[in-house]
There are 2 protein chains.
Amino acid sequence: MESVLEKLNRFKLRNTEIRREILTLFLETEYALSHQYIEKKLSTKFDRVTLYRTLKSFEENGLIHRIANDTDTIEYALCKDDCHEQNHKHNDNHAHFRCEKCLKTYCLEHVGIPDLHIPNGFKAQEFQLLVSGVCAKCNQV
Amino acid sequence: MESVLEKLNRFKLRNTEIRREILTLFLETEYALSHQYIEKKLSTKFDRVTLYRTLKSFEENGLIHRIANDTDTIEYALCKDDCHEQNHKHNDNHAHFRCEKCLKTYCLEHVGIPDLHIPNGFKAQEFQLLVSGVCAKCNQV
DNA sequence: CTGTGTGCAAACACTTTGCAGGTGT
DNA sequence: ACACCTGCAAAGTGTTTGCACACAG
């Protein structure tokens, strides 16, 4: 498993405290993270503006990417190794699951996105499949 | 084709000017609409707050629904007749295409969402498939 | 040493709420 | 007549920008 420092280095990001902490949080967490969630987790340790800029630089350097949802908050997830970059767009070739109870978005690593028949003329570059419902944990209760 | 007035009536929404105009706009437009887009189209004719409330009531009454994307703006589309309501969630069983050039989101009516094998424990209620790339119109140029 | 990252303050943009008056049914 | 809708004002929340200083490489 690649370490936090190796990962920062590979993506040409300077090794600073906030970056180490945010990246660690991403590596430890099994669901997608929003700005607000990260802010709460790191308590008031860092300035909110710095967090905005950190997420932006992570995204621009291809370390994380946004996951589509139908709410008004953006959620980010770490790019996996199979996340091929094409003109700054990402192909996460698996589905995501959003639980309506706990509001967390999980990667369904083993649910691939099937081949689709896109109409003539359209050039498809990226596919995102979002499933919503109730997750395994919330379903037990 | 159901008229604007019939549609408002069927969804138990009062027949007011702003509602007629917004609904007409949805019916005329082949792509999904954001708050901002609607506001520009109707110029300064209505208060922004009223627009927020109108979209909210349209959504709550099942006339429109949100389409997932990975930007920070919410986009709405008219619910089709095959958009079955289940606990206030919608099943639009076709994909959407977001063009990275013109930034419009189209319904791909004939691209259905295939059956998926969701992991045990997860209860899937809604599926959204978002394809992005370049649309047929922008591709011509 | 140099260029980048951070924190603070302020500006800016977006969304919600309360209330008074108007309108649809 | 009544409930609901609209517009205005204001509050609340989220995001961006400018600048001075600190720090990584």
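All figures in this text were calculated on a predicted structure; none of them were measured in a lab. First the proteins, then the strands, lettered A, B, ... as listed; each starts at 1.
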**Message:** So that I know where these two stand, are B:H65 and B:Y76 an aromatic pair - ring centroids less than 6.0 Å apart?
**Reply:** no
**Asked** Applying the side chain to side chain contact (heavy atoms under 4.5 Å, CB included) test to B:L27, which of B:T29, B:L25, B:L23 qualifies?
**Response** B:L23
**Asked** For D:dT15, does either OP1 or OP2 sit under 4.0 Å from a side-chain N or O belonging to A:Y52?
**Response** yes
**Message:** Which nucleotide wins on minimum distance to the side chain of A:Q36, given the candidates D:dG14, C:dC8, D:dC8?
**Reply:** D:dG14
**Message:** It should be established whether A:T54 places a side-chain nitrogen or oxygen under 4.0 Å from OP1 or OP2 of nucleotide C:dT6.
**Reply:** yes
**Message:** Taking 4.0 Å as the cut-off, does a side-chain nitrogen or oxygen of A:R19 come that near to OP1 or OP2 on C:dG5?
**Reply:** yes
**Request:** Report the C-alpha separation of A:Y52 and A:H35 in whole Å, then their side-chain angles, then the decisive distance to 0.1 Å, and conclude whether the ring pair (Phe, Tyr, Trp, His ring centres under 6.0 Å) test is met.
**Result:** CA-CA 7 Å; A:Y52 278 112; A:H35 175 107; 4.0 Å; yes
**Asked** Between the side-chain atoms of A:R48 and the base atoms of C:dG7, is any donor-acceptor pair under 3.5 Å?
**Response** no
**Message:** Assess whether a salt bridge exists between A:E59 and A:R66, defined as any Lys/Arg side-chain N lying under 4.0 Å from an Asp/Glu carboxylate O.
**Reply:** yes
**Message:** Under a 4.0 Å threshold between the charged nitrogen and the carboxylate oxygen, would A:K41 count as salt-bridged to A:E21?
**Reply:** no
**Request:** Check every atom of D:dC8, C:dT6, D:dT17 against the side chain of A:V49 and return the nucleotide holding the closest atom.
**Result:** D:dT17
Check nucleotides 20-25 of chain C for protein N or O atoms closer than 3.5 Å to its own N or O atoms and list the pairs.
{"from": "C:dT25", "atom 1": "OP1", "to": "B:N15", "atom 2": "N", "distance (Å)": "3.1"}

